[in-house]
Amino acid sequence: MDYRKYKCKIADYVWCVGVAAAFALAVAWLFYRSILGLLLLPFVYGYVLRVYKNYRGARQRNLLLSGFKEGMMAVAAALLAGYSMENAWKEAEHDLMMLYGKQQPIVKEFIQINSLVSMNQPLEEALTGFALRSGCEDIESFAEIFSFAKRSGGDFVAIIRTTVQRLGAKIEVEQEIQTAIAGKKFESKIMYIMPLLLLAYINFTSRGFLEPLYGNLSGVLLMTAALAVYAAAVWWSGKVMNIKV
């Protein structure tokens, strides 16, 4: 499985189409009061799908990274108990299966790595293949260091322990950041819909107030400019809130 890009299921596409259609209908009525406003639907759908895939992909990689940290802790414990490197990964597979269940991606990856090793593929090659598909810089860095240490010899327990400490610190910092900006994210979501709600309120309560903006070229141009500013604000807010460690 390639974790660098989220692979949508049919239900994901249906959800994105529904959200995009609802938003396009709202824009068509609020900004243009014309069915022609639905011409924006393909653009809205493309944006919604991209945001959704980025969100689900990032969440998927974070879960994978968290599971990898637990796996490395299990590998280190098995090495300290006297297991060889290959057998340590098998023991870690059993520990992860007990912790997460067989259907979790990290468990499937450990199963696949151990299967490749049992077919005489070097452990470092199997790990490198997983790292390239993971989309996680930390896993890729560990795979490179592990491959170098396997060829030249090295203290694997110390390497794995350092990796676990670094991953733990990174995950903790990310959680602290998400907690700190949770309120701001909620506020930004409210601000996303406030312009639309305000426009809808004016349309319902003072319909004649906005009447000059509909059905003429100057009004269409002005509303299009307002829509462009609104879209730019939503995009910029998403960029600001996307903090990476």
Side-chain angles (χ1 to χ4, degrees), residues 1-32 35-69 100-101 103-109 130-140 167 170-171 173-200 223-224 226-245:
M1 180 176 178
D2 193 340
Y3 302 92
R4 289 169 292 186
K5 291 184 178 180
Y6 179 75
K7 187 176 181 180
C8 290
K9 303 177 179 63
I10 294 178
D12 297 321
Y13 287 115
V14 171
W15 188 88
C16 290
V17 168
V19 171
F23 186 80
L25 281 169
V27 168
W29 183 74
L30 293 173
F31 285 85
Y32 302 107
I35 198 69
L36 293 177
L38 290 177
L39 293 173
L40 294 171
L41 179 58
F43 303 100
V44 176
Y45 171 72
Y47 178 77
V48 169
L49 182 62
R50 181 162 57 86
V51 170
Y52 180 81
K53 290 174 73 173
N54 289 340
Y55 167 74
R56 291 298 298 268
R59 184 180 178 186
Q60 185 175 255
R61 288 188 294 273
N62 287 338
L63 290 174
L64 188 70
L65 190 61
S66 179
F68 184 74
K69 185 196 78 170
Y100 293 115
Q103 298 305 314
Q104 287 297 317
I106 190 61
V107 178
K108 293 180 179 179
E109 293 298 336
F130 161 59
L132 292 175
R133 291 183 290 103
S134 70
C136 300
E137 291 183 7
D138 295 285
I139 298 179
E140 292 177 10
L167 291 179
K170 180 177 180 179
I171 292 171
V173 170
E174 287 182 343
Q175 289 175 343
E176 290 177 356
I177 290 174
Q178 294 305 316
T179 301
I181 66 174
K184 297 299 181 183
K185 279 190 172 182
F186 181 72
E187 292 175 7
S188 68
K189 291 177 180 178
I190 294 177
M191 294 305 297
Y192 289 166
I193 63 173
M194 279 303 296
L196 301 180
L197 292 178
L198 182 61
L199 197 56
M223 294 302 274
T224 300
L227 181 60
V229 172
Y230 169 73
V234 171
W235 174 82
W236 180 250
S237 175
K239 295 288 287 185
V240 170
M241 292 294 176
N242 186 23
I243 301 175
K244 295 182 180 180
V245 180

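What you see is a predicted model; the values in this text were computed from it and never measured. Keep in mind that the numbers below use all heavy atoms, side chains included, and drop hydrogens, waters and symmetry copies. Throughout, numbering of the chain's residues begins at 1 and tracks the sequence.
Among residues at least two apart or in separate chains, side chain to side chain donor-acceptor pair (under 3.5 Å) pairs with a member in residues 23-32 are Tyr32-Thr224. Sorted by first then second residue, the salt bridge (Lys or Arg N to Asp or Glu O under 4.0 Å) pairs that include residues 48-63, not counting sequence neighbours, are Asp12-Arg56.
The main-chain N or O of Leu63 is never found under 3.5 Å from a side-chain atom of Ser66 such that the two would form a donor-acceptor pair.
When the side-chain contact (heavy atoms from CB on, under 4.5 Å) test is applied to Val234, the partners found at least two apart in sequence or on another chain are Tyr47, Tyr192, Tyr230. In this structure, the side-chain contact (heavy atoms from CB on, under 4.5 Å) partners of Leu132, at least two apart in sequence or on a different chain, are Thr128. Here Val19 pairs with Trp15, Val48 under the side-chain contact (heavy atoms from CB on, under 4.5 Å) rule; sequence neighbours left out. For Leu38, the side-chain contact (heavy atoms from CB on, under 4.5 Å) criterion is met by Ala24, Leu25, Ala28, Ile35, not counting sequence neighbours.
Interatomic distance, Leu198 CG to Leu30 CG, rounded to the nearest 0.5 Å: 10.5 Å. The distance from the CG atom of Leu64 to the NZ atom of Lys108 is 12.0 Å, given to the nearest 0.5 Å.
At a threshold of 4.5 Å between non-hydrogen side-chain atoms, the residues Ile139 and Glu109 do not count as touching. In this structure the side chain of Phe23 never reaches within 4.5 angstrom of the side chain of Leu40, judged on heavy atoms.
Atom CD1 of Ile190 has more than 12 heavy atoms from other residues, nucleotides or ligands within 6.0 Å.
Looking at every heavy atom in both residues, Met1 comes nearest to Gln60 through CE-OE1, 3.1 Å. Taking both residues in full, the closest heavy atoms of Gly101 and Val107 are given as O-CG2, 3.3 Å, listed atom of the first, atom of the second, then distance.
Taking the six-membered ring where the residue is Trp, Phe130 and Tyr3 present perpendicular rings, their angle passing 60° and hence far from 30°.
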Please lay out, stage by stage, how Tyr45 and Tyr13 fare under the test side chain to side chain contact (heavy atoms under 4.5 Å, CB included). CA-CA 10 Å; Tyr45 171 72; Tyr13 287 115; 3.3 Å; yes

